[in-house]
There are 2 protein chains.
Amino acid sequence: MTSENSDRGYLKRSLDLLWGQGERPSRGPKPGLTLERIAAAGVAIADAEGIDALSMRRVAAELGVGTMSLYRYVPGKAELLELMIDRAYRMMPGDDAPRDADWRTVLRYVAHGNWRMYLAHPWLLQTSLARPVLGPGAMAGFDYALSGLVPLPLTDQERLGFIAAVDGYVAGCARAHVHAALAARQTGISDEEFWTTHGPLLEKAMLSGAYPHAAALSEDTFAVPGERLFEFGLERLLDGLAAFLAAADGGTAERLGGEG
Amino acid sequence: MTSENSDRGYLKRSLDLLWGQGERPSRGPKPGLTLERIAAAGVAIADAEGIDALSMRRVAAELGVGTMSLYRYVPGKAELLELMIDRAYRMMPGDDAPRDADWRTVLRYVAHGNWRMYLAHPWLLQTSLARPVLGPGAMAGFDYALSGLVPLPLTDQERLGFIAAVDGYVAGCARAHVHAALAARQTGISDEEFWTTHGPLLEKAMLSGAYPHAAALSEDTFAVPGERLFEFGLERLLDGLAAFLAAADGGTAERLGGEG
DNA sequence: GCGTAATCGGGTACGCTGTACCCGGTTTCG
DNA sequence: CGAAACCGGGTACAGCGTACCCGATTACGC
């Protein structure tokens, strides 16, 4: 992963790729590949075998071309990853997205949709992007979330605040959840097996008295599924946003930004 | 990054390292290094030069030893990373942590502390762990957060829900913020420069009509600093948790788990 | 119609990575 | 005082991203 990319043209090329600005030159043979096919192949590999299995050689092999041919379409692996990410973003909003619904329904859908997206493409949370991807897929998701907030008496900065809060919460929760799920797959050790094997060691640490509050927890505390934990916090967050809305309506809220 | 670790002893060794279970054997020369020094060197490199600069050779060079000597102390790079992560976690809770404070003060401190931690060690959010680290540092932070929730009339699962919600939110927000900050450093392009250079392209996309709500946003919408966005959402989340607390007290809440 | 410029496909090679394997020197026990 | 156990680390290998280069292919200008 070459993230030390000091080429100043890097970003421009990357955005051009994302937004399909490259027009075919007139001369020369026709390209045998498309960005679509390359990105799709990358996503398929990352989904099936994990992000570590993604290499330029592997993608090229999947497409039945020479490794260096990929560089005719993509400046480097970083840009390929950005294409893959924006492609994954395209599943939001889905066909089942509620339209013209109230803000809470929309944000809840966005949260659940992103959650599903992260579970379907765990590598989304394992990548270390140089800059958050600003491609068509990401824009569509953002615009949809925004559509639910337009009728509300908020400033634009507050609307962004609502979306950033939900997106941040989902990404953080999904990260924790996905890491736990990947662990089971990669090590071949299930959660139960993990606890039966290593419970004693951790229990010894508990009994040391260094973590009195954790030691006092009931046994089934960690038995709650990650998804349920996610839902619980999500509803709390939405409640908090609702409370802000009420306070803003009543004039008692500390507002964010000028008039929207 | 070798994450395809199918060795079933991997986890055990890793936890043993984290909890310092390895007793010195009687025979043979004394080790010239310690896990502490190795982890500290790794953290120093990752902080200063980014996670991509972290390699076994680089760490060994930093310590003035041969590359392979590290493998006398650490089974592999993955375990080194776990040591580094738990070491970073140790800064939470800090010396300024409020003790015996109300739950909101404690959770707010946890959130801000984790935020500071992620900004100080951005690589924490770029790592793809096999399993969330369960070392002494992480436990101490968890126990502290828990301490603020003990007096509340909640089930243990709800207490976990509170902490998971805050931790998740902070991690997600910090991830977005850190990626943006790293981008500026790595590409040498400031945020302003980015927008002046690539604003036109994105503006063209806006004017396409595909993103009507985003296009209608006022110009200063994205001018709000990431930290302020973080604070805004955090207070909303804490408000939502407070609302749940009130509802639980009033018996109108949908509870999580059995009796705590 | 044809020379030529431009582009595509991709082979070779370089410097980097994690780490398996092995050997020699050092320490301590029986 | 052997012998067992352990430390340090050199060598080597497979795999990575990609710089550089060259032959084949295409379409434009004349």
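Within every chain, numbering begins at 1; the chains are lettered A, B, ... in the order of the sequence lines, protein sequences first and strands thereafter.
Nearest-nucleotide positions on DNA chain C place A/Met68 closer to the 5' end than the other of B/Ser55 and A/Met68. In terms of position on DNA chain D, the residue among A/Leu54 and B/Arg57 whose nearest nucleotide sits closer to the 5' end is B/Arg57.
Not a single donor-acceptor pair under 3.5 Å links the side chain of B/Asn114 to the backbone N or O of B/Asp167. The backbone N or O of B/Leu33 lies less than 3.5 Å from a partner atom in the side chain of B/Tyr73, making a donor-acceptor pair. Side chain of A/Tyr71 to main chain of A/Gly76: no donor-acceptor pair is present (N/O by atom type, distance under 3.5 Å, no hydrogens or angles). The backbone N or O of A/Val170 sits nowhere less than 3.5 Å from a side-chain atom of B/Tyr169 that would complete a donor-acceptor pair.
Side-chain proximity of A/Pro29 to the nucleotides C/dC8, D/dG17, C/dT17 is greatest for C/dC8. Considering only the side chain of A/Arg72, C/dG9 comes nearest among C/dG18, C/dG9, C/dG11. In the set C/dT17, C/dA6, D/dG17, the nucleotide with an atom closest to the side chain of A/Arg27 is C/dA6.
Less than 4.0 Å separates DNA chain C from at least one heavy atom of each of the following residues of residues 31-44 of chain A: A/Pro31, A/Gly32.
Residue B/Gly28 is in base contact, counting any heavy-atom pair closer than 4.0 Å across all strands shown. Within the nucleic acid shown, A/Leu63 has no heavy atom closer than 4.0 Å to any nucleic acid atom.
Rounded to a whole Å, the NZ atom of B/Lys30 is 15 Å from the C1' atom of D/dA5. Residue A/Glu79 contributes atom CD, which lies 12 Å from atom C1' of D/dG17 at whole-angstrom precision. Here C/dC16 presents its P atom at 18 Å from CE of B/Met56, a figure rounded to the nearest Å. Distance B/Tyr71 OH to D/dG9 C1': 13 Å, rounded to the nearest Å. The separation between A/Lys77 atom NZ and D/dC16 atom C1' is 8 Å, rounded to whole Å. Protein atom CZ of B/Arg58 is 17 Å distant from nucleotide atom C1' of C/dG15, rounded to whole Å. Distance, B/Leu70 CG to D/dG9 P: 10 Å, rounded to whole Å. Per the geometry, CD belonging to B/Glu49 stands 14 Å off P belonging to C/dC16, to the nearest Å.
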- Query: Can you list the steps and then say if B/Trp115 with B/Glu227 is a side-chain contact (heavy atoms from CB on, under 4.5 Å)?
  - Reply: CA-CA 9 Å; B/Trp115 174 267; B/Glu227 181 150 4; 4.0 Å; yes
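Aromatic ring centroids of B/Phe142 and A/Tyr211 lie 6.0 Å or more apart.
For the helix from C/dG1-D/dC30 to C/dG30-D/dC1, the axis fitted to the five pairs at one end and the axis fitted to the five pairs at the other end meet at an angle of 10° (nearest 10 degrees).
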